[in-house]
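Presented below is the structure to which this report refers.
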Amino acid sequence: MSLALCLLYSASTDGLWQEANQAYQEERFDIAAEKYESLLAEGAENGKIHYNLGNAYFKSQKLGKAILHYYRAEKFLPGDDDIHNNLTLANESRVDPIIENEDEAFLRSVDLLWNRMNYSTVFYLSLLFLVVGGLASLVIVIRPKSGKWLGYVMVIGATLGLLLMGTAFLQYRQLSRNDFAVILAAQVEVLAGPSTRETVNFTIHEGIRCQILDESPGWFRIRLANGYNGWVPRAVLEVI
């Protein structure tokens, strides 16, 4: 797993960043993770820190924490191949098998279709098509006999612009959600209600992602991608 090497502009965090990278390269992964966590605690949050932290946790065999920070890195760097590949590797290392639609198959298809461009690139591309369509319509109004091809340009530009804008919105909405979490405990019994006296519905393990549906003092009601749901203690998971 390669480190993301970049310069942090704050003098107070640059030294810590270098120390964390040095510790990782020396295979002192626990120390590297501590230093990356310190960077986040100081407010120097970005996708590269989360990515490197995920790598450090993965090397330390802390699978849940690794997956958590890979997902957080995706929020800052959507479409990044290194993050996607390492996240796939980490998910394949879980006890629980990957659920078919766990990673939003629709959005993954969108990423593949647009060569894994992030939502900001798709958004600006949509604006470009809309401008082209708008200019074509303006020419048609000013010069009605300018030719049918301008009508095609107008329709195609407007259609592609709207489709791309919708795609960008969906990607941004998915990445900015805060109702997903990752299980950090080694094994968790998912219960029928928010009490240890309730029936056990099923058991899940470290690293699986879930959606938070509801909450009660000390408890979250979660749902997996396959629809299975139930209650777990708050302490066993962390919000992405």
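Bear in mind that the values here come from a model prediction, so they are computed numbers and not experimental data.
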* Minimum heavy-atom distance Tyr36-Ile49, with the two atoms named -> O-CG2, 3.9 Å
* Co-membership, hydrophobic cluster, residues Ile31 and Leu40, 4.5 Å side-chain -> no
* To do: List the steps and the verdict of side-chain contact (heavy atoms from CB on, under 4.5 Å) for Glu215 and Arg234.
  => CA-CA 9 Å; Glu215 58 183 298; Arg234 285 173 177 261; 2.4 Å; yes
* Structure fact -> CD (Glu189) and OG1 (Thr196) are apart, to the nearest 0.5 Å, by 10.5 Å
* Joint hydrophobic cluster, Val131 plus Leu163, side-chain heavy atoms closer than 4.5 Å -> no
* Determine whether Phe180 and Cys210 make a side-chain contact, defined as any pair of heavy atoms from C-beta on separated by less than 4.5 Å. => no
* Asked: Do Leu184 and Lys65 come within less than 4.5 Å of each other through their side chains, counting heavy atoms only?
  -> yes
* **Stacked cation flag Arg223 on Tyr228, 6.0 angstrom / 45 deg** => no
* May I ask you to decide whether Glu45 forms a salt bridge with Arg72, counting only side-chain N to carboxylate O separations under 4.0 Å? => no
* Can His205 and Val188 be said to form a side-chain contact (heavy atoms from CB on, under 4.5 Å), step by step? -> CA-CA 6 Å; His205 301 84; Val188 179; over 6 Å; no
* Asked: Would Leu138 and Leu150 show up in the same hydrophobic cluster when neighbours are defined by side-chain heavy atoms closer than 4.5 Å?
  -> no
* Asked: Are Met165 and Tyr124 grouped together when hydrophobic residues (ILVMFWY) are joined by side-chain heavy atoms under 4.5 angstrom apart?
  -> yes
* From Leu87 CG over to Asp80 CG, what is the distance, rounded to the nearest 0.5 angstrom? -> 11.0 Å
* Whether Glu206 side chain and Gly64 backbone form a donor-acceptor pair below 3.5 Å -> yes
* **Student check: side-chain heavy atoms of Trp17 and Lys35 closer than 4.5 Å** => no
* Between CG on residue Leu39 and CG on residue Asp14, distance to nearest 0.5 Å -> 9.5 Å
* Look up atom CG in Asp179 and atom CG in Leu213, then write down how far apart they are to the nearest 0.5 Å. => 8.0 Å
* Arg28 vs Glu19, salt bridge (Lys or Arg N to Asp or Glu O under 4.0 Å): CA-CA, chis, key distance, verdict -> CA-CA 11 Å; Arg28 295 183 291 127; Glu19 291 174 10; over 6 Å; no
* Asked: Do you know the tightest heavy-atom contact between Leu191 and Asn201?
  -> O-ND2, 3.6 Å
* Indicate yes or no for a side-chain donor-acceptor contact from Thr159 to the backbone of Ile156 under 3.5 Å, with no hydrogens or angles considered. => no
* Asked: Would Thr203 and Val190 count as a side-chain contact (heavy atoms from CB on, under 4.5 Å) if you check the C-alpha gap in whole Å, the side-chain angles of each, and the deciding distance to 0.1 Å?
  -> CA-CA 6 Å; Thr203 301; Val190 182; over 6 Å; no
* To do: Output yes when a side-chain donor or acceptor of Lys48 lies under 3.5 Å from a complementary backbone atom of Leu77, and no otherwise.
  => no
* Which heavy atom of Ile240 sits nearest a heavy atom of Arg209, and at what distance? -> CD1-CD, 3.5 Å
* If every non-hydrogen atom of Asn91 is compared with every non-hydrogen atom of Gly207, which pair is closest and at what distance? -> OD1-O, 4.1 Å
* Would you call Leu125 and Thr121 a side-chain contact if the rule is heavy atoms closer than 4.5 Å? -> no
* Got a second to check how far Asn46's CG is from Asn52's CG, nearest 0.5 Å? -> 9.0 Å
* Can Glu26 and Gln22 be counted as having a side-chain donor-acceptor contact under 3.5 angstrom? -> yes
* Name the one of Tyr51, Tyr57, Phe58 that satisfies ring-ring contact (aromatic ring centres under 6.0 Å, His included) with His69? -> Tyr57
* Cluster question for you: counting only ILVMFWY and a side-chain heavy-atom cut-off of under 4.5 Å, with indirect links fine, are Trp149 and Val139 together? -> yes
* Asked: Closest approach of Ser60 and Phe29, non-hydrogen atoms and distance?
  -> OG-CB, 3.3 Å
* Would Tyr70 and Asp82 count as having a side-chain donor-acceptor pair, cut-off 3.5 Å? -> no
* **Pro97 backbone acceptor or donor facing Arg94 side chain under 3.5 Å** => yes
* To do: Decide if atom CZ of Phe202 counts as having more than 12 heavy atoms of other residues, nucleotides or ligands within a radius under 6.0 Å.
  => yes
* Reference residue Ile222; test side-chain contact (heavy atoms from CB on, under 4.5 Å); the match among Asp214, Asn229, Ile208, Leu237 -> Leu237
* To do: Indicate the atoms forming the closest heavy-atom contact of Ala33 with Leu53, along with that distance.
  => O-CD1, 3.5 Å
* To do: State the CG-CD1 distance between Leu135 and Ile140, to the nearest 0.5 angstrom.
  => 11.0 Å
* Evaluate the side-chain contact (heavy atoms from CB on, under 4.5 Å) criterion for residues Glu238 and Val182: first the C-alpha distance (whole Å), next the side-chain angles of each, then the deciding distance (0.1 Å), finally the verdict. => CA-CA 6 Å; Glu238 191 168 337; Val182 173; over 6 Å; no
